[in-house]
Number of protein chains: 2
Amino acid sequence: MSDLFAPLDDHPAYRQIANQIEQRIVERTLRTGDALPSETDLARQFGVNRSTIREAIRELEVHGLLGRGRGEKRLRVTRPEPRRVSSGVSRALALHDVTFLELWEAMMAIEPAAAQYAAARRTPAQLLGLTRASTRFKSDITDTAGAVAAVVDFFTAVAAASGNQVLALSQAPLNLLLVPTLTQLIDRVPQARARIQAAQSKIIGAIKQKKSEQARTWMEKHIRDFKRGYELEVPA
Amino acid sequence: MSDLFAPLDDHPAYRQIANQIEQRIVERTLRTGDALPSETDLARQFGVNRSTIREAIRELEVHGLLGRGRGEKRLRVTRPEPRRVSSGVSRALALHDVTFLELWEAMMAIEPAAAQYAAARRTPAQLLGLTRASTRFKSDITDTAGAVAAVVDFFTAVAAASGNQVLALSQAPLNLLLVPTLTQLIDRVPQARARIQAAQSKIIGAIKQKKSEQARTWMEKHIRDFKRGYELEVPA
DNA sequence: ATGGCAGAATTGTCGGACAGTCAGATTATC
DNA sequence: GATAATCTGACTGTCCGACAATTCTGCCAT
């Protein structure tokens with residue numbers, strides 16, 4: 001069954017260093033907002049060359065554990081933002097040739113749940129974000145790209161209003177995957193805009209009135225509608 | 001409202017290079033399995049120093065777009081594996097101090113859906129994977145860590161059997177988050193083992209017989225049970 | 001084909017270097 | 001005294017050159 005010997009993988013120095021720093025961050029020895037020591041200093045501490053430190057830092061930077069504000073020189077410990085992390089997942093999924101059906105099933109699982117909790121917990125500010133995205137969709141009559149972006153923002157706003165970071169982070173990668181399909185949909189299915197607009201209104205209404213079950217139901221219908229539109233459009 | 005000028009962010013060379021290579025990969029100019037040119041060669045092509053190339057490469061390596069097999073020297077284009085990508089998401093969530101309730105709600109959204117599709121589409125091999133994880137859970141009577149790992153594997157196996165990569169990739173990050181809670185649960189709630197075991201049997205049975213709705217329902221009950229156990233244990 | 005081997009190629013790491021820039025201290029100006 | 005201009009030091013981004021260890025490759029013998 002299991003092998004007698006495990007393949008020994010020697011971790012290069014830059015990886016070990018990255019792991020060590022990451023651990024300090026995860027265990028909060030280095031706290032969010034703290035400035036990282038300078039590269040030269042780190043090189044001294046770890047007893048390696050600065051080039052090696054830089055390679056290690058690149059890893060953490062990609063993970064979103066380190067970052068720097070606009071025009072800031074020193075690196076600081078940051079909390080990985082959903083967008084940053086989820087873009088990696090999106091790309092991964094894109095490379096795996098995800099089908100629309102797969103995406104749709106995942107949306108069916110996540111978005112209604114998000115809507116339901118959003119109705120239960122949304123703050124006024126979050127509600128405002130929702131209506132704003134919806135308004136933007138209505139006004140983007142000619143610009144397809146703008147309309148698509150507005151739809152994505154709507155979903156994002158719902159997820160944010162759910163007050164659930166896990167759901168929000170699970171939802172985020174779906175957005176990017178949705179873009180290509182949605183673009184075609186809006187472009188080629190005439191009634192798509194009206195239907196989306198109507199659905200968003202219903203959903204917002206339910207969330208506004210804190211009717212969880214209604215919010216979930218409307219969102220389900222909304223997502224189902226996507227599939228219908230897709231099937232309408234694809235055979236053509 | 002909006003500023004007249006946008007802050008110009010100069011992308012350092014290593015980032016631009018990373019982006020260019022990434023684009024070649026995403027658009028499939030560089031195809032999965034292809035070997036990347038040597039660092040020296042890349043340095044020549046981009047007209048930069050090898051150190052700069054190396055920093056760029058580190059980024060792509062972290063993203064899982066580049067990798068090398070055991071004992072291989074040259075880097076090859078790889079497809080980002082779910083485990084690799086999801087670990088980043090998990091860490092991000094951990095740093096955001098996710099509550100058990102958040103995790104639980106996400107599980108409630110994703111796992112039943114995965115079970116449902118697994119019942120519809122599982123292959124014999126996937127079914128075997130499920131039973132194997134379940135068996136391992138039964139046999140790990142004393143070892144808590146082993147039992148926890150078996151539970152995680154069970155969820156992973158269900159997600160894999162769903163035949164939906166998006167769901168699988170959405171589910172993966174939940175596993176790591178589940179570990180700490182689950183460990184306590186199994187350790188401190190006496191009846192936990194028996195209940196988990198029973199639930200897994202029911203779920204496997206439903207998936208085996210391709211009864212989607214049943215699979216979903218049993219999974220829902222299973223997840224609900226976690227919350228009950230958690231609430232039982234936490235006030236203590 | 002298979003196995004073994006020398007040489008070429010490649011990676012990991014190192015040391016040092018330099019221009020550009022950001023932050024803080026210092027000085028000049030109103 | 002408050003503000004603006006200037007200086008200084010530290011730090012990052014990038015480059016060059018170098019070397020040991022390991023992998024890859026083509027060639028030879030079996």
Side-chain angles (χ1 to χ4, degrees), chain A residues 5-22 24-25 30 32-78 84, chain B residues 3 5-22 24-25 30-78 84:
Chain A
F5 296 109
L8 44 82
D9 44 357
D10 71 315
H11 298 267
Y14 60 83
R15 184 165 304 286
Q16 294 180 48
I17 290 171
N19 286 338
Q20 280 202 41
I21 298 179
E22 173 185 327
R24 294 291 181 286
I25 295 176
L30 284 170
T32 303
D34 287 359
L36 207 64
S38 77
E39 295 175 354
T40 319
D41 202 25
L42 284 174
R44 189 187 50 73
Q45 290 188 41
F46 282 105
V48 301
N49 191 273
R50 192 162 75 96
S51 311
T52 307
I53 292 289
R54 294 195 110 239
E55 294 188 35
I57 285 180
R58 285 297 90 75
E59 298 205 355
L60 302 172
E61 214 174 359
V62 176
H63 279 314
L65 293 174
L66 297 179
R68 80 193 88 212
R70 298 156 293 294
E72 253 188 351
K73 189 131 272 197
R74 298 286 289 268
L75 278 168
R76 287 182 302 103
V77 177
T78 51
R84 165 175 285 289
Chain B
D3 294 338
F5 297 107
L8 44 83
D9 45 353
D10 71 315
H11 297 267
Y14 61 82
R15 184 164 303 288
Q16 296 180 48
I17 291 171
N19 286 338
Q20 280 203 41
I21 298 178
E22 173 184 328
R24 292 294 180 286
I25 295 176
L30 284 170
R31 276 168 307 177
T32 303
D34 287 0
L36 206 66
S38 76
E39 295 175 353
T40 320
D41 202 25
L42 285 173
R44 188 187 50 74
Q45 291 188 40
F46 282 105
V48 301
N49 190 271
R50 191 161 75 97
S51 311
T52 308
I53 293 288
R54 295 196 110 240
E55 293 189 37
I57 284 180
R58 286 296 90 74
E59 298 205 354
L60 302 173
E61 214 177 348
V62 175
H63 278 312
L65 293 174
L66 298 179
R68 81 192 90 209
R70 292 159 293 293
E72 257 187 347
K73 184 136 271 192
R74 300 284 292 266
L75 277 169
R76 287 184 300 103
V77 178
T78 53
R84 164 173 290 286

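Per chain, numbering begins at 1; letters A, B, ... match sequence-line order. Computed from a predicted structure; not experimentally measured.
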Starting at [atom1] of [X] and ending at [atom2] of [N], how long is that distance when rounded to a whole Å?
{"X": "His11(A)", "N": "dT13(C)", "atom1": "NE2", "atom2": "P", "answer": "12 Å"}
{"X": "Ile57(A)", "N": "dG13(D)", "atom1": "CD1", "atom2": "C1'", "answer": "12 Å"}
{"X": "Glu55(B)", "N": "dT11(C)", "atom1": "CD", "atom2": "P", "answer": "16 Å"}
{"X": "Ile53(A)", "N": "dG13(D)", "atom1": "CD1", "atom2": "P", "answer": "14 Å"}
{"X": "Phe46(B)", "N": "dG13(D)", "atom1": "CZ", "atom2": "P", "answer": "19 Å"}
{"X": "Arg54(B)", "N": "dC14(C)", "atom1": "CZ", "atom2": "P", "answer": "11 Å"}

Tell me, which of residues 36-45 of chain A have any heavy atom that sits under 4.0 Å from an atom in DNA chain C? none

Which heavy atom of [X] sits nearest to which heavy atom of [Y], and what is that distance?
{"X": "Arg84(B)", "Y": "Val62(B)", "result": "NH1-O, 3.6 Å"}
{"X": "Ile21(B)", "Y": "Phe46(B)", "result": "CG1-CZ, 4.0 Å"}
{"X": "Glu59(A)", "Y": "Ala18(A)", "result": "OE1-CB, 3.6 Å"}

Drop me the distance from [X]'s [atom1] to [Y]'s [atom2], to the nearest 0.5 angstrom.
{"X": "Ile25(B)", "Y": "Leu60(B)", "atom1": "CD1", "atom2": "CG", "value": "5.5 Å"}
{"X": "Lys73(B)", "Y": "Ser38(B)", "atom1": "NZ", "atom2": "OG", "value": "12.0 Å"}
{"X": "Arg68(B)", "Y": "Leu36(B)", "atom1": "CZ", "atom2": "CG", "value": "10.0 Å"}
{"X": "Glu55(A)", "Y": "Ile57(B)", "atom1": "CD", "atom2": "CD1", "value": "9.0 Å"}
{"X": "Thr78(B)", "Y": "Asp34(B)", "atom1": "OG1", "atom2": "CG", "value": "11.5 Å"}
{"X": "Asn19(A)", "Y": "Arg24(A)", "atom1": "CG", "atom2": "CZ", "value": "11.5 Å"}

Look at the side-chain N and O atoms of Arg74(A) and state whether any lies under 4.0 Å from the OP1 or OP2 oxygen of dC22(C). no

Considering just the side-chain nitrogens and oxygens of Tyr14(B), establish if one lies under 4.0 Å of OP1 or OP2 belonging to dG13(D). yes

Under-4.0 Å salt bridge between Glu61(B) and Arg58(B): yes

Specify the residue among Arg15(A) and Lys73(B) whose closest nucleotide of DNA chain C lies further upstream toward the 5′ end. Lys73(B)

Check nucleotides 15-19 of chain C for protein N or O atoms closer than 3.5 Å to its own N or O atoms and list the pairs.
from: dG15(C); atom 1: N7; to: Asn49(A); atom 2: ND2; distance (Å): 2.9
from: dA17(C); atom 1: N6; to: Arg50(A); atom 2: NH2; distance (Å): 3.3

Tell me if a side-chain donor or acceptor on Gln16(B) pairs with a main-chain N or O of His11(B) at a distance below 3.5 Å. yes

Mind running a 4.0 Å heavy-atom check of residues 60-69 of chain B against DNA chain D and sending the residues that fall below it, in number order? none

